[in-house]
**Student:** 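Below is a structure I'd like to ask you about.
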Amino acid sequence: MPHDRIRNPFSTYTKCFYFAASTLHSRLVVMSRNLFTESEYERRVERTRERLREEGLDAIVVADPANMNYLTGYDGWSFYVHQAVIVTRERDEPVWVGRDMDGNGARATTWLSEESIRAYSDDHVHSPYDLHPMDYVAGVLEDLGVADGRIGLEMDASYFTAKSYTRLQSTLPDADFEDATLLVGWIRIKKSEQELEYMREAARISEEAMLAGLDAIDAGVPEYEAAAAIYDRLIRGTDEYGGDYPSIVPLMPSGDHTGTPHLTWTDRPFSDDELVLIELSGCRHRYHSPLARTAYVGDPPAEVRETAEVVIEGIEAALDAVEPGVTCEAVEKAWRETIAQYGLEKEDRIGYSMGLGYPPDWGEHTASIRPGDETVLEEDMTFHMIPGIWEDDFGVELSETFHVTATGAEPLADFPRELFTI
């Protein structure tokens, strides 16, 4: 695409929008939820700029909505169209780029000044005019003086498409693009006290939702009724605060399908003598605290009871192994050696770093609790540990979200670790 087809971020249209919006911004800024102090956002951005310098990058285009939120506070269901946050080595504030109708959402939820909110016109969306939002992003990068620099891209982010990449390449031929998918993710891995508080609040919602789901399950009850009970509690939250939509829907394989962990509910009724797995997460200001438990409708057979006991013993051994200075693989080893005593093995990872998230995932895609991961645990990291045993004919899972403290693992939820019988 010819360079002159790029819509300049300070075109006549944009200037008009900029000045018209500046007055509106003064009214909308009071709507900002102030979930974190501005100084906390500034620390996050400065750490990102430090990483850019360490990697020899002039800028990064952040497309993961969780990373966008982390750096700016932006929160909206707008990730189905192209959007980004741009951080450069030289500029103190990030720049939010999104659809013009979402610009007021940026004003309402971020800490950014008006000049750091750039919106592209609607003719860029699903355009029949050979326009693409990355044309506008390219114009912003040019305006920021990095069009011929080394620019990091989140190449493996869920909402950064192949066309986004090729469009940036064609519109900025002098730029050197590098994969920086996990640059912000590794910064997020250690949580602030306010982030931990939101995760603890999410854990209270998880407890309520799990209890609601277990109470709803019974022979003859359609699976969707249990899902509805869970969703009701996920949104209603607790008596003190409500919940947000989780990044992953409640997962509820049952009956013959409990050997497959990622199935959702159907309209079939629960039956006597069958297992039900429930994995869910409360969400508070986009922060999660996943929780998984297993239930049996009827009297569980010995094999199921024994497997559940092994899973519980294994997760407790793994949690006991958690402390600052040990590696992720050392924690997994405690689990593996425990279940090996009973002739069981599990090849999959048993946990991952997580917290802030948007669909389709609450994971951070960085550290995993598995063999070969030599990430050293540090205080204030958070993980979801979910060491299930999934056989061909049935599965048992139980999980805990935990915080790495100075003395060990702090499970965020307070919920019995047992096989529940209905």
Side-chain angles (χ1 to χ4, degrees), residues 33 35-37 40-41 43-45 47-48 51 62-75 79 85 109 154 156-159 181-207 209 234 237 241 243-249 279-292 319 322 324 328 331 349-370 373 375-386 399-405 408-414:
R33 287 167 285 178
L35 303 180
F36 299 96
T37 63
E40 180 159 346
Y41 285 118
R43 285 194 299 272
R44 297 172 181 182
V45 173
R47 180 61 184 131
T48 303
R51 292 287 292 117
V62 175
D64 184 319
N67 290 341
M68 292 177 61
N69 177 290
Y70 182 76
L71 294 171
T72 70
Y74 181 70
D75 184 21
F79 40 84
V85 164
T109 61
E154 294 186 326
D156 207 27
S158 296
Y159 301 104
T181 299
L182 297 180
L183 188 145
V184 178
W186 280 109
I187 297 170
R188 286 170 47 195
I189 196 169
K190 292 183 65 173
K191 310 302 187 291
S192 69
E193 185 52 45
Q194 187 60 70
E195 289 180 290
L196 291 169
E197 182 57 30
Y198 291 146
M199 292 184 69
R200 293 185 184 105
E201 291 177 355
R204 303 289 80 74
I205 298 173
S206 294
E207 294 162 1
L234 288 176
Y241 46 80
D244 205 343
Y245 62 90
S247 294
I248 302 176
V249 302
E279 181 184 353
L280 54 78
S281 182
C283 183
R284 179 73 170 153
H285 301 313
R286 306 307 323 144
Y287 284 84
H288 296 76
S289 184
L291 183 67
L319 289 170
V322 171
C328 285
V331 174
R349 67 179 182 174
I350 65 165
Y352 47 86
S353 176
M354 48 67 61
L356 170 64
Y358 284 82
D361 192 13
W362 52 55
E364 293 173 336
H365 308 165
T366 51
S368 291
I369 303 175
R370 62 182 169 197
D373 193 321
T375 303
V376 176
L377 298 187
E378 297 181 41
E379 193 172 349
D380 295 331
M381 290 181 175
T382 53
F383 289 83
H384 181 211
M385 183 185 291
I386 181 163
S399 82
E400 298 287 356
T401 296
F402 69 89
H403 163 218
V404 180
T405 73
E410 174 205 3
L412 299 189
D414 182 11

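Every heavy atom of this structure was used, including side-chain atoms; hydrogens, water molecules and symmetry mates were not.
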**Student:** So, the side chain of Glu154 versus the backbone of Ala63: is there a donor-acceptor pair under 3.5 Å, distance only?
**Tutor:**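 Side chain of Glu154 to backbone of Ala63, a donor-acceptor pair under 3.5 Å: yes, one is there.
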
**Student:** State plainly whether the residues Glu197 and Arg204 are in salt-bridge range, i.e. N to O under 4.0 Å.
**Tutor:** no

**Student:** Between the main-chain N or O of Ser289 and the side-chain N or O of Ser206, is there a donor-acceptor pair closer than 3.5 Å?
**Tutor:** yes

**Student:** Scan His288, Arg284, Met354, Gln194 and name whichever one has a side-chain contact (heavy atoms from CB on, under 4.5 Å) with Met199.
**Tutor:**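 Between Met199 and the candidates, side-chain contact (heavy atoms from CB on, under 4.5 Å) is satisfied uniquely by Met354.
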
**Student:** So does Lys190 pair up with Glu195, basic N to acidic O under 4.0 Å?
**Tutor:** no

**Student:** To check you understand the geometry: which heavy-atom pair defines the closest contact between Ala66 and Gly357, and what is its length?
**Tutor:**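 That would be CB-CA, 4.1 Å.
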
**Student:** For Tyr159 and Pro65, which heavy atoms make the closest approach, and how far apart are they?
**Tutor:** CD1-CD, 3.6 Å

**Student:** Flag the pair His285 / Asp244 as yes when at least one side-chain heavy-atom distance between them is below 4.5 Å, and no otherwise.
**Tutor:** no

**Student:** With a 4.0 Å cut-off, would you call Glu364 and Lys191 a salt bridge?
**Tutor:**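 Salt bridge: yes.
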
**Student:** Any donor-acceptor pair under 3.5 Å linking the side-chain atoms of Ser192 with those of Glu40?
**Tutor:**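 Ser192 and Glu40 do have a side-chain donor-acceptor pair below 3.5 Å.
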
**Student:** Can you check whether Glu201 reaches Tyr287 side chain to side chain, under 4.5 Å on heavy atoms?
**Tutor:**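 Answer no - side chains too far apart.
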
**Student:** Under 3.5 Å, side chain of Asp64 to main-chain N/O of Ala157, donor-acceptor pair present?
**Tutor:** no

**Student:** Within 45 degrees of the axis of the six-membered ring of Tyr245 and under 6.0 Å from its centre: does Arg286 put its NZ or CZ there?
**Tutor:**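 Here Arg286 passes the 6.0 Å and 45° test against Tyr245.
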
**Student:** Contact between Ile248 and Trp362 at the side-chain level, heavy atoms closer than 4.5 Å - yes or no?
**Tutor:**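 The answer is yes; the side chains approach within 4.5 Å.
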
**Student:** Can you tell me how far the CG atom of Asp380 sits from the CD atom of Glu410, to the nearest 0.5 Å?
**Tutor:** 9.5 Å

**Student:** Would you confirm whether Thr181, through its side chain, and Asp156, through its main-chain N or O, come within 3.5 Å as a donor-acceptor pair?
**Tutor:** yes

**Student:** In Å and rounded to the nearest 0.5 Å, what is the OG1 to CE distance from Thr405 to Met381?
**Tutor:**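 Interatomic distance, Thr405 OG1 to Met381 CE, rounded to 0.5 Å: 13.5 Å.
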
**Student:** I'd like to know whether the aromatic ring centres of Tyr241 and Tyr198 sit less than 6.0 Å apart in this structure.
**Tutor:**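 Centroid separation for Tyr241 and Tyr198: 6.0 Å or greater.
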
**Student:** Using every non-hydrogen atom in the two residues, find where Leu196 and His403 come nearest and quote the distance to one decimal.
**Tutor:** CD1-NE2, 3.6 Å

**Student:** Let me confirm one number: the CG-OG1 distance from Leu183 to Thr48, rounded to the nearest 0.5 Å.
**Tutor:** 6.5 Å

**Student:** Is the closest side-chain heavy-atom distance between Val322 and Phe402 below 4.5 Å?
**Tutor:**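 The answer is yes, as the side chains (C-beta and beyond) meet within the 4.5 Å cut-off.
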
**Student:** Just wondering, do Val85 and Asn67 contact through their side chains at under 4.5 Å, heavy atoms?
**Tutor:**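 Heavy-atom side-chain distance check fails, nothing below 4.5 Å.
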
**Student:** For residues Asp75 and Tyr358, is any side-chain donor paired with an opposing acceptor at under 3.5 Å?
**Tutor:**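 Yes, because at least one side-chain N or O of Asp75 sits under 3.5 Å from a partner of the opposite role on Tyr358.
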
**Student:** With rounding to the nearest 0.5 angstrom, report the CG to OG distance, Leu280 to Ser399.
**Tutor:**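 It comes to 8.5 Å.
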
**Student:** What's the separation between atom OG1 in Thr366 and atom CD1 in Ile189, rounded to the nearest 0.5 Å?
**Tutor:** 4.0 Å

**Student:** Taking all non-hydrogen atoms of both residues into account, name the closest pair between Tyr70 and Arg44 and its distance.
**Tutor:**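 Smallest heavy-atom distance, with atoms named: O-NH1, 2.8 Å.
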
**Student:** So do Leu234 and Cys283 actually touch side chain to side chain, heavy atoms under 4.5 Å?
**Tutor:** no

**Student:** Side-chain contact, heavy-atom cut-off 4.5 Å: Cys328 with Leu377?
**Tutor:** yes

**Student:** Please report the closest heavy-atom contact between Pro246 and Ser281, naming both atoms and the distance.
**Tutor:** CB-O, 3.5 Å

**Student:** Between Asp373 (side chain only) and Ser368 (backbone N and O only), is there a donor and an acceptor less than 3.5 Å apart?
**Tutor:** yes

**Student:** Please tell me if the side chains of His365 and Leu182 come closer than 4.5 Å, counting only heavy atoms from C-beta onward.
**Tutor:**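 Result yes, sub-4.5 Å side-chain heavy-atom pair found.
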
**Student:** Which pair of non-hydrogen atoms, one from Ser353 and one from Phe383, has the smallest distance, and what is that distance?
**Tutor:**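 Smallest interatomic distance, heavy atoms only, reads N-CD2, 3.4 Å.
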
